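Here the structure is laid out as structure tokens; the discussion comes afterwards.
Worth saying up front: this structure is predicted, and the values here are computed from it rather than measured. The chains referred to below are lettered A, B, ... by the order of the sequence lines, with proteins before strands, and numbering in each begins at 1.
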2 protein chains.
Amino acid sequence: MTALSDPHTSSDMIAAHGGRVTRTRVAVLDVLLASQQPLSHDEIGEALRKEGVPHDRVTLYRNLEWLVEQGIAHRMAGDDRVWRFSVVTTSEHEHAHFHCDRCGQLFCLDALTPAFAIALPNGYSMNRAELIVHGACPGCSAPKSGT
Amino acid sequence: MTALSDPHTSSDMIAAHGGRVTRTRVAVLDVLLASQQPLSHDEIGEALRKEGVPHDRVTLYRNLEWLVEQGIAHRMAGDDRVWRFSVVTTSEHEHAHFHCDRCGQLFCLDALTPAFAIALPNGYSMNRAELIVHGACPGCSAPKSGT
DNA sequence: TCAGCTAATGCAACAGTGTAGCGTTTAATG
DNA sequence: CATTAAACGCTACACTGTTGCATTAGCTGA
């Protein structure tokens with residue numbers, strides 16, 4: 001019995017998908033797993049830097065692409081035209097996202113499940129839906145002194 | 001009684017907003033008015049080219065920006081990280097969009113009105129919502145020989 | 001009609017995000 | 001340990017969008 005049958009660490013997850021367990025790849029997945037919000041390429045790179053993980057910009061892109069290909073991560077386009085990545089926790093990732101217009105953070109709203117498929121006009125076939133709610137997150141809605 | 005009080009042409013609309021009626025600006029607005037789908041900067045530029053309207057890339061960007069500022073046009077980020085523009089027809093533009101994953105076109109689905117605000121978790125305050133449904137449009141769903 | 005003001009233009013150069021090519025490194029395997 | 005190719009890391013590039021600035025040309029008022 002190996003750890004592969006119970007992939008709960010980043011290394012296990014990577015190996016389970018037939019990928020090589022490399023320093024950058026593990027670190028990237030760790031960052032994504034630890035994050036509650038979808039992260040941009042830049043934010044992930046910054047996190048790696050803080051952890052002292054040397055990495056190349058291109059390698060990071062390629063690892064993210066690989067994670068998406070493997071179905072481990074999910075990629076979405078924010079309103080700032082930047083890809084943001086997050087690990088796929090929900091089975092189909094069929095939930096909405098909340099974009100805070102003040103702090104720019106992106107949150108997952110698992111509570112919101114799309115129920116609008118019924119309203120699709122004739123001829124249109126839905127594959128997936130992306131719902132981004134814009135507004136202020138709890139942290140930014142709360143009264144603050146500074147800005 | 002001048003035409004300004006009844007701004008139904010692109011020139012009138014521009015003048016009514018205190019903008020100068022220039023060749024490119026009129027042409028850009030005309031293109032947007034004539035289109036049923038939100039258009040990217042590139043698509044608009046291509047349309048201008050076809051109409052024989054000489055223009056500069058930057059000027060086009062600035063005109064689009066101005067139109068958005070004036071509330072004449074609306075800007076949204078597609079899934080390909082490209083801004084797409086459309087004239088604001090609906091009062092609040094509170095409707096969904098459909099992105100065809102095959103031909104890349106973006107359609108307005110006025111029938112779909114967001115009714116998900118009720119489900120927002122506590123602490124989140126919604127400003128607006130952007131719902132993008134992905135799938136195949138009627139044109140691409142229909143059986144075709146070529147690709 | 002014409003001069004003056006400045007919004008708008010057009011050119012060049014730049015910035016940020018993401019990709020492609022390619023030689024080198026290194027994780028996995030026997 | 002030798003082998004092999006996946007992954008790396010570097011350079012260079014493509015694309016979308018922005019900034020600076022001198023020039024042009026709408027609008028206004030005489």
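For A:Y61, taking side-chain heavy atoms from C-beta onward, the closest of the listed nucleotides C:dT17, C:dA8, C:dG10 is C:dT17. Comparing atom distances between the A:W83 side chain and each of D:dG9, D:dT18, C:dG18 picks out C:dG18 as nearest.
Distance, B:R81 CZ to C:dT17 P: 10 Å, rounded to whole Å. Separating the CG atom of A:D12 from the P atom of C:dA28 is a distance of 12 Å, rounded to the nearest angstrom. Per the geometry, CG belonging to B:L64 stands 11 Å off C1' belonging to D:dG17, to the nearest Å. Separating the CH2 atom of B:W66 from the P atom of C:dT6 is a distance of 19 Å, rounded to the nearest angstrom. In this structure, A:L39 atom CG and C:dT17 atom C1' are separated by 16 Å, rounded to whole Å. Taking atom CG of A:D56 as the reference point, atom P of C:dG18 lies 15 Å away to the nearest angstrom. Between the CD atom of B:E65 and the C1' atom of D:dT16 there is a distance of 14 Å, rounded to whole Å. Between B:L60 atom CG and C:dA8 atom P there is a gap of 15 Å when expressed in whole angstrom units.
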>> If you apply the rule side chain to side chain contact (heavy atoms under 4.5 Å, CB included), what do you find for B:D30 with B:E51, and how did you get there?
In response: CA-CA 11 Å; B:D30 276 338; B:E51 294 177 9; 5.6 Å; no
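Contact annotation: the side chain of B:F85 never approaches that of B:V31 to less than 4.5 Å [non-hydrogen atoms, C-beta and beyond]. A heavy-atom distance below 4.5 Å is found between the side chains of B:R49 and B:H55.
Contact record, B:F107 with B:C100: CE1-CB, 4.3 Å, taken as the closest heavy-atom pair.
Mapping B:R75 and A:R25 onto DNA chain D by nearest heavy atom places A:R25 closer to the 5' end of the strand. Comparing B:H41 and A:G18 by the nucleotide of DNA chain D that holds the closest heavy atom to each, the one mapping nearer the 5' end is A:G18. Both A:V21 and A:F85 sit near DNA chain C, but only A:F85 has its closest nucleotide nearer the 5' end.
For the side chain to side chain contact (heavy atoms under 4.5 Å, CB included) test with A:L32, the passing option among A:L64, A:I72, A:V88 is A:L64; the others fail.
Contact annotation: B:R23 reaches the phosphate of C:dG10 (side-chain N/O to OP1 or OP2, under 4.0 Å).
Interface remark: the A:R20 side chain does form a donor-acceptor pair with the D:dA5 base, using a distance-only criterion of under 3.5 Å. Residue A:R57 places a side-chain atom within donor-acceptor reach of the base of C:dG18, judged by atom type and a 3.5 Å distance cut-off alone. Judged by distance alone with a 3.5 Å cut-off, no donor-acceptor contact links the side chain of A:R62 to the base of C:dG18.
When heavy atoms are screened at a 4.0 angstrom cut-off, A:N63 is found touching the sugar-phosphate backbone but no base atom. Residue contacts shown for A:T22 are limited to sugar-phosphate atoms, with no base heavy atom under 4.0 Å away. At a threshold of 4.0 angstrom between heavy atoms, the contacts of A:S40 with the nucleic acid are absent. Using a 4.0 Å heavy-atom distance criterion, B:V58 is classed as a base contact.
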